[in-house]
Amino acid sequence: MRPAKDFFRPLAVGAPEPLRSIPARPSRAIHFFDPSNEKMAGKVPDMVGKVDVLLGNLEDAVKADRKEAARAGLVKIAQATDFGPTQLWTRINALDSPWVLEDLTTLVTEIGDKLDVIMVPKVQGAEDIHYVDRLLAQLEARAGLQRPLLVHAILETARGVANVEEICGASPRMQGLSLGPADLAADRRMKTTRVGGGHPGYLVRQDPDPEQPDQARTTYQQDLWHYTIARMVDACAMHGIYPYYGPFGDISDEVATEDQFRNAFLLGCVGTWSLHPKQIAIANRVFSPSVDDIRHARRVVAAMGDGTGAVMLDGKMEDDASLKQCLVMVELAEQLAEIDPELKAAYDAIEVAE
Ligand code: GLV
Ligand code: MG
């Protein structure tokens, strides 16, 4: 166990000081691109400013014989691009793969000053984060970096889920968690072959009517990921870091994509992955509080005065606690308005009724 007094000490001489808290930077969509795919990589500069996070993916979905090209491609793109307000993240290969050591060494050395967050797949426990933590400190010191790189873990093994709280608290670098529903389903031996989203077989059924037992009974599809996302949200909130939904593979089903994203948003996630440009617009819409929510939240804030006591608005009770719920929305809207002019205009136009 690392004693509390040492928790914020750099893990290598000359490495930057760890952050005391993780900045709440908008990250509604983390858009994945394959840096070894020249056509896809060529579009990256045009996406700057249009998506909150661009992520150069080196892990799954990049063929083994393209791993080095992907790493080199990411270095080239990062060096040539001014990312302005858009964050640059990467997903490195798994810690037991033959590529990860060179991924970290090359990326921190060559483009450590451009990268914001390193996503680590298949994290099993705190020991994986401790390994990356020390190695990053050594590499940061060698590269002379001034700010620490942050680490994001994908929750995609049963062991990772069992250890989720200790993963979140393993290092001051921990920025957040994403759900990895495909690997997690395989690791748990779940019987879905879909990448994220629901399954028509996972349902509950209305009781039979005793008078007409043969009548058709309504079924309600359930969310396969509810338990895991809820655990992630609690673990992240407890440690002051950020939870994200992960991939939704059925890109053609925009309605189901939106539903899955919205469930994650309502439960407390701040963003999601985007695997196709059309998922960016969906994520930006879903992970931004609606104008109606902000109108209501501002009305409660205004009515609650010093923030204590209770008031009635439209027949509903509002008090200190519901004010805090509203402030979550108002603060998120303020953060998003700083980087999204359209959203700012929509929020600015809100008139709050008495
Ligand atoms: C993502 O990496 C997943 O396995 O779903
Ligand atoms: Mg995975």
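Remember, it's 1-based here, ligands and their atoms both numbered in the order they're listed. What you see below is based on every heavy atom in this structure, not just the backbone, and it leaves out hydrogens, waters and symmetry mates.
Closest to atom 5 (O) of ligand 1, if we only count protein heavy atoms, is A182 N, 2.8 Å. For atom 1 (C) of ligand 1, the closest non-hydrogen atom of the protein is E156 OE1, 3.5 Å.
When distances from the Mg ion (ligand 2) to the N, O or S atoms of D183 are compared, OD2 comes out shortest. Counting just the N/O/S atoms of E156, the one with the shortest distance to the Mg ion (ligand 2) is named OE1.
Looking at R91 against ligand 1, only its side chain comes within 4.0 Å, counting heavy atoms.
By the 3.5 Å distance cut-off applied to N or O atoms, L179 is not counted among the residues near ligand 1. The shortest N/O to N/O separation between W273 and ligand 1 does not fall below 3.5 Å.
For D128 (side chain) and Q124 (main-chain N/O), a donor-acceptor pair under 3.5 Å exists by modelled atom type.
G246 does not count as a contact of ligand 1, since none of its heavy atoms falls under 4.0 Å from the ligand.
Of all the atoms in ligand 1, the ones that sit under 4.0 Å from a non-hydrogen atom of P247 are 1 (C), 5 (O). For ligand 1, the atoms closer than 4.0 angstrom to any heavy atom of D183 are 3 (C), 4 (O), 5 (O).
Transitive grouping of hydrophobic side chains (ILVMFWY, heavy atoms separated by less than 4.5 Å) keeps I111 and V62 in distinct clusters.
Heavy-atom contacts from other residues, nucleotides or ligands closer than 6.0 Å to NZ of K278 number more than 12. Heavy atoms from other residues, nucleotides or ligands lying under 6.0 Å from NE2 of H130 number more than 12.
Residues Y242 and S27 have side chains that never bring a donor and an acceptor to within less than 3.5 angstrom of each other.
The cationic group of R20 lies under 6.0 Å from the six-membered ring centre of F8 and within 45° of the ring axis, placing it in a cation-pi geometry.
The side-chain heavy atoms of L95 and K122, taken from C-beta on, include no pair separated by under 4.5 Å.
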